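One structure is given here, and the rest of the page talks about it.
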Amino acid sequence: MKPAVAIIMGSKSDLPVMKDAADFLQSVGIPHEISIVSAHRTPDRMFEFAKNAKDRGIGVIIAGAGGAAHLPGMVASLTSIPVIGVPVKSSNSIDGWDSILSILQMPGGIPVAAVALNGAKNAGILAARILGVSDPEIYKKLVSYSDSLRESVLKTADNPEI
Ligand code: RP5
């Protein structure tokens, strides 16, 4: 199956965080691909990736990076596919604020949907929600997922145990 979502990240060291996005997409049966694309270390690869993504059938890009996190914004500037940015707390992070702000404070005209620090799971869910607008099967799975969250809270809501 052709991937509908591309998950990219600046370094292999981001993978333990970014894996959460892939796990969610897997759980709802959305085909996806994962690769390392660095804005700073492999700028040509980033350009090629962003320019070809639409023609390869990619509908949403999830891009994670730590430190000076330019990858999501640069990719968003090279394509009109929606980009979800995941700030990653990495070895070169200043508590993660550097990547949060790099991803969040995009100039007008080039949007990146930023999730929480290390929030790759929500990036996966948001990607599924974007695709679910025009895919009833995906939408149904997302409704079931939300139902399961509600049920798991209600199960212990009146009887929380430590
Ligand atoms: C960023 O620098 C990467 O996204 C990663 O979060 C961080 C550190 O990269 P490594 O030095 O671990 O490869 O570009």
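Positions are given from 1, in the same order as the sequence printed here. Remember, predicted model here, so these are calculated numbers, not experimental data.
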If you take all heavy atoms of [X] and [Y], which pair is closest and at what distance?
X   : Y    : result
A6  : F49  : CB-CZ, 3.7 Å
V5  : I58  : C-CD1, 4.2 Å
I81 : A53  : CD1-CB, 3.7 Å
A4  : L131 : CB-CD1, 4.0 Å

For the pair [X] (side chain) and [Y] (backbone), establish whether a donor and an acceptor sit closer than 3.5 Å, ignoring hydrogens and angles.
X    : Y    : answer
T79  : A76  : no
D55  : N52  : no
N122 : A116 : no

When rounded to the nearest 0.5 angstrom, what distance separates [atom1] in [X] from [atom2] in [Y]?
X    : Y    : atom1 : atom2 : result
S99  : N92  : OG    : CG    : 8.0 Å
K155 : E151 : NZ    : CD    : 8.0 Å
R129 : I84  : CZ    : CD1   : 11.0 Å
H32  : I61  : NE2   : CD1   : 15.0 Å
S152 : D147 : OG    : CG    : 11.0 Å
M9   : I34  : CE    : CD1   : 5.5 Å

Cluster check [X], [Y]: I/L/V/M/F/W/Y, side chain < 4.5 angstrom:
X    : Y   : result
L101 : V75 : no
V143 : F24 : no
V115 : I30 : yes
I125 : V86 : yes
L15  : V17 : yes

Quiz item: Are the side chains of L25 and I7 in touch, meaning some heavy atoms are under 4.5 Å apart?
Solution: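 When only atoms from C-beta onward are counted, I7 and L25 do touch, with a gap below 4.5 Å.
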Check: Can you find a pair of side-chain heavy atoms, one from I138 and one from L142, that are under 4.5 Å apart?
Finding: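 They are in contact (side-chain heavy atoms under 4.5 Å apart), so the answer is yes.
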- Query: Should the heavy atoms of other residues, nucleotides or ligands under 6.0 Å from CD of E48 be counted, would the total exceed 12?
  - Reply: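 Check fails, neighbour count at 12 or below.
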* More than 12 heavy atoms of other residues, nucleotides or ligands under 6.0 Å from CD1 of I94: is that the case? ->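 Count not over threshold, so no.
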Note to self: The test is side-chain hydrogen bond (donor to acceptor under 3.5 Å, both in side chains); show your working for S90 and S93 and say whether it passes.
What the structure shows: CA-CA 5 Å; S90 60; S93 282; 3.2 Å; yes
